[in-house]
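Just so we're on the same page: letters track the sequence lines, and every chain starts at 1.
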Amino acid sequence: MGSRLSITPPGDYLLTRDVCSYGYFLLAPNRWDGVSRRLGRSLNLEDGIASLTIAQAGGKRGGKLDVRADRALSRGEREEAKRKIARMLRLDEESLAAFHRADPRWRRSGKGRLFRSPTLFEDVVKTVTSCNVTWPGTMKMNQRLCEVINPAFPTAGQLGRRRAATLRSRCGVGYRDQRLIELAKLFRSGEVEEAWFEDEARSDEEVEKKLRGLPGVGPYAAANIMMLLGRYGHLAIDTETIRHGREELGMAGTEAQVRKQLMAHYEQFGDQRFRSYWFESWLVSERRNGPAHTWTIERD
DNA sequence: GGTAGACCTGGACGC
DNA sequence: GCGTCCAGGTCTACC
């Protein structure tokens, strides 16, 4: 018999809006069901893997989150699951008011939370697998990492023990194989620690420098991971951002020139500039593809 | 500090 | 069906 948990989220929390706010909700092992508006997800817990579904009572803002597990969870595991869910859903997000002050366009809709993973390690791997590849490729890599290594997402220990050839041939990660293994070893050894990055006393510069030292992490990936850590002051500029500058903001010139114009344009949003850009860009995607909560996950 | 080319995969296209 | 080209960010070598 499974376990059931109830989580009281912040009063403004809306599962559909806040899960379907960043592309990682479409990446394995996350499973969003746009019809029932539930998030399915396997988690690595103390005593093994548990498959969870998360729904919000009444589908209304502030409604309690009803979490069901496919097996009985110990008291320790229940706490662990709650901690991990809180990280994914950003239930402890404290800077929403600051974001809405910096950019009031999103105050009414309440947008501001960006979905992430239960661990920093998973966020870093997902970011590395999103670089230099189209989105379907990123989806495939994450799906295969779960199929081949661990259905709840590979831990650093598991990924660090794999051979590069396996990751390349069976998980389709291409030239990222060795970089992912090195990354996993750094997390496994404790040389890279989630707590260090989560420490709010550290400056953005310190955090960025450390991230840039990780294999597979360049300027774009570092800024993206900083966003996932709750540091929104850096723009993660990729080809989509350049396109946004040209097509939505009317910028012109070479890529380098558009890049400079983007930096200048989002300067007005200060330490919230990533979110200001992101929600603009997300609206454009929804205009093209329909509401994010209806986006489907195509898996083999 | 700036730039060029390699890295790998999958999709689009032409033949 | 096959070959070619292109998109995508990071890394290294070179100037």
If you look only at distance, which donor and acceptor atoms sit under 3.5 Å apart when one is on a side chain in residues 212-228 of chain A and the other is two or more places apart or in another chain?
unit_1, atom_1, unit_2, atom_2, d
A:Asn224, OD1, A:Tyr22, OH, 2.6
A:Asn224, ND2, A:Tyr22, OH, 3.2
A:Asn224, ND2, A:Tyr24, OH, 3.2
A:Asn224, ND2, A:Thr127, OG1, 3.2

N/O donor to acceptor pairs below 3.5 angstrom from side-chain atoms of residues 181-192 of chain A, sequence neighbours left out:
unit_1, atom_1, unit_2, atom_2, d
A:Ser189, OG, A:Lys185, O, 3.1
A:Ser189, OG, A:Leu186, O, 3.1
A:Ser189, OG, A:Glu191, N, 3.2

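Looking at A:Glu80 and A:Lys84, a side-chain N of the basic residue comes within less than 4.0 Å of a carboxylate O on the acidic one, giving a salt bridge.
Chain A approaches DNA chain C within less than 4.0 angstrom (heavy atoms of the protein), and the contacting nucleotides run 5' to 3' from C:dG8 to C:dC11.
A rotation axis mapping the C1' atoms of four pairs onto the next four is fitted at both ends of the helix from B:dG1-C:dC15 to B:dC15-C:dG1 over five pairs, and the angle between these axes is 40° to 10 degrees.
Judged by distance alone, with hydrogens and angles left aside, the side-chain atoms of A:Arg90 form no donor-acceptor pair with the main-chain N or O of A:Arg113 at under 3.5 Å. In this structure, A:Gln261 contributes its side chain and A:Ala252 its backbone to a donor-acceptor pair below 3.5 Å.
For the salt bridge (Lys or Arg N to Asp or Glu O under 4.0 Å) test, residues two or more places apart in sequence or in another chain that qualify with A:Arg273 are A:Glu267. In this structure, the salt bridge (Lys or Arg N to Asp or Glu O under 4.0 Å) partners of A:Arg87, at least two apart in sequence or on a different chain, are A:Asp123, A:Glu194, A:Glu198. Every residue two or more places apart in sequence or in another chain that forms a side-chain contact (heavy atoms from CB on, under 4.5 Å) with A:Glu248 is listed here: A:Arg243, A:His244, A:Val284, A:Arg287.
Within residues 220-252 of chain A, the residues approached by DNA chain C to less than 4.0 Å at the level of any non-hydrogen atom are A:Tyr220, A:Ala221, A:Asp238, A:Thr239, in residue-number order.
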Tabulated below should be each protein N or O lying under 3.5 Å from an N or O of nucleotides 8-11 of chain B; please produce it.
unit_1, atom_1, unit_2, atom_2, d
B:dC8, OP1, A:Arg168, NH1, 2.5
B:dC8, OP1, A:Arg168, NH2, 2.9

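Evaluation of the salt bridge (charged side-chain N to carboxylate O under 4.0 Å, His left out) test over residues 56-68 of chain A, restricted to residues two or more places apart or in two chains, returns A:Arg4-A:Asp66, A:Asp66-A:Arg68. Judged as a salt bridge (charged side-chain N to carboxylate O under 4.0 Å, His left out), the pairs with a partner in residues 222-234 of chain A (not counting sequence neighbours) are, in order, A:Asp204-A:Arg231. Identified under the salt bridge (charged side-chain N to carboxylate O under 4.0 Å, His left out) test for residues 40-53 of chain A, with sequence neighbours left out: A:Arg41-A:Glu122.
Each of A:Arg37, A:Glu286, A:Arg17 was checked for a side chain to side chain donor-acceptor pair (under 3.5 Å) with A:His293, and the lone residue meeting it is A:Arg37.
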